[in-house]
Amino acid sequence: MGTTTRRELLAVSVGTGVALMLGREAWAAAAGPITPGAKDVLIVVDVQNCFTKGGSLAVPNGDDIVPSVNALAKAFKNVVITQDWHTPGHISFASSHPGKKPFETVQLPYGTQVLWPDHCVQGTDGAGLHKDLAIPHAQLVIRKGFNPKVDSYSAFLEADKKTPTGLDGYLKRRGVNRVFCVGLATDFCVAWTALDARKLGFAAYVIEDATRGIDNRGSLANAWKAMEKAGVKRIQSKDIKV
Ligand code: VGL
Ligand code: ZN
C-alpha cells in the first residue's frame with residue numbers, strides 16, 4: 001500500500017479508458033433500435049371503427065396507422081388491445097347534455113369533461129376493432145369507459161383518476177415494466193394511457209408515427225408537453241426492431 005508505481009498508474013488509466021469505451025458502447029447500443037422482450041408490452045389503443053374513416057368521431061388519417069401497428073405488434077410477445085366501450089347515453093356524449101355541442105366542455109364531479117359525438121357504444125359496429133387490425137396474438141382486450149357516469153381515456157384509470165381498470169395489476173403480475181403505446185387518439189386515450197403508465201411506475205414510450213391526434217383546441221401540443229414532463233419517451237416505429 002502507499003506507493004503506486006508508474007506501471008500501476010498506467011494500468012489504472014488504461015483500465016479507465018476501457019471502461020469509458022465500454023460505457024460509450026453500451027450507450028450507443030441503448031440509443032439504437034429497441035428489441036422488445038418479455039418485460040415489454042405494446043398497448044394498441046382504440047383502433048376502432050368510430051375513430052377511423054366513416055366513424056362518428058373519426059380521427060384525421062386514423063386509418064393510416066393500421067399497417068404499422070400490425071407490423072409493430074409482430075415484434076412484441078405481449079400485446080394488449082383497448083376498446084372505448086360506452087353505455088348508450090354515456091356522460092361523455094354531448095347528446096347527454098341538453099344545449100351542449102360536441103367539443104364543448106362541462107364540469108363533472110371528477111373535473112372538466114370534453115363532450116363528444118356519440119361513439120363506441122357497447123356492442124355496436126362503431127365500437128368494433130378496425131377490420132384490418134391483425135393481431136391474433138394479443139393477450140388481453142381491455143374495455144374502458146363502461147361506467148355510465150365516468151369517462152375513461154386511459155387504459156389504466158378512469159377519468160376520476162382513481163378507479164382502476166385492472167391493467168396495472170395484470171401487467172405487473174406478468175412482470176411487465178415497459179409500456180409502448182400506439183393507436184388513437186394521440187392527444188386523448190394514447191396520452192392518458194402513457195401518462196398513467198408513468199404514474200404507476202412503468203417506463204413509457206409513445207410511438208408517434210403509429211398514432212394520430214384529434215387536436216381539439218391545442219390538445220395535441222398540450223398532450224406532448226405533458227408527456228415530455230412526465231418522462232414519456234417520444235419515439236418512431238423505426239426505433240423498434242421489427
Ligand atoms: C377517445 C375521445 C373520446 C380516444 C375516446 O380514444 O382518444 N377520444 N373517447
Ligand atoms: Zn370515448
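Both counts, for ligands and for their atoms, begin at 1 and track the order of listing. As the structure is a computational prediction, the values presented were derived from the model and not from experiment. We use all heavy atoms of the structure for the numbers below, so side chains are in, but hydrogens, waters and symmetry mates are not.
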Lys/Arg N to Asp/Glu carboxylate O, D40 vs K77, below 4.0 Å: no
Close aromatic pair by centroid cut-off 6.0 Å: H119 and F93: yes
Between K144 and D46, is a salt bridge (charged side-chain N to carboxylate O under 4.0 Å, His left out) present by the stated rule, with each step listed? CA-CA 10 Å; K144 60 186 178 61; D46 297 5; 2.9 Å; yes
Residue that, paired with F156, satisfies ring pair (Phe, Tyr, Trp, His ring centres under 6.0 Å) out of W192, F202, Y170: F202
For ligand 1, which atoms, with element, lie under 4.0 Å from some heavy atom of C189? 1 (C), 4 (C), 5 (C), 6 (O), 7 (O)
Strictly under 4.0 Å, does any heavy atom of H119 approach an atom of ligand 1? yes
Any side-chain donor paired with an acceptor under 3.5 Å for Q139 and N78? yes
Does the N or O separation between F51 and ligand 1 drop below 3.5 Å for any pair? no
Quick one: does ligand 1 sit under 4.0 Å from the side chain of V114, the backbone, both or neither, non-hydrogen atoms only? neither
If you measure every N or O of D84 against every N or O of ligand 1, does any of those distances drop under 3.5 Å? yes
Tell me the protein N, O or S atoms under 2.8 Å from the Zn ion (ligand 2), in chain and number order. D84 OD2, H86 NE2, H119 NE2
Any non-hydrogen side-chain atom of Q48 less than 4.5 Å from a side-chain atom of D84? yes
Going by atom types alone, do Q107 and T112 pair a side-chain donor with an acceptor below 3.5 Å? yes
Among non-hydrogen protein atoms, atom 2 (C) of ligand 1 lies closest to W116 CE2, 3.4 Å
Is it the case that ligand 1 has an N or O less than 3.5 angstrom from some N or O of F188? no
d(N147 CG, H86 NE2) to nearest 0.5 Å is 11.0 Å
K172 atom NZ, over 12 foreign heavy atoms within 6.0 Å: yes
Between V190 and ligand 1, does any nitrogen or oxygen pair lie at a separation below 3.5 Å? no
Verify whether one side chain among D160 and T163 offers a donor that lies under 3.5 Å from an acceptor in the other. yes
Please list, in number order, the atoms of ligand 1 under 4.0 Å from a heavy atom of L184. 4 (C), 6 (O), 7 (O)
Linked, directly or transitively: L184 and I135 (ILVMFWY side chains, under 4.5 Å): yes
Output the list of atoms in ligand 1 that are nearer than 4.0 Å to some heavy atom of D46, sorted by atom number. 4 (C), 6 (O)
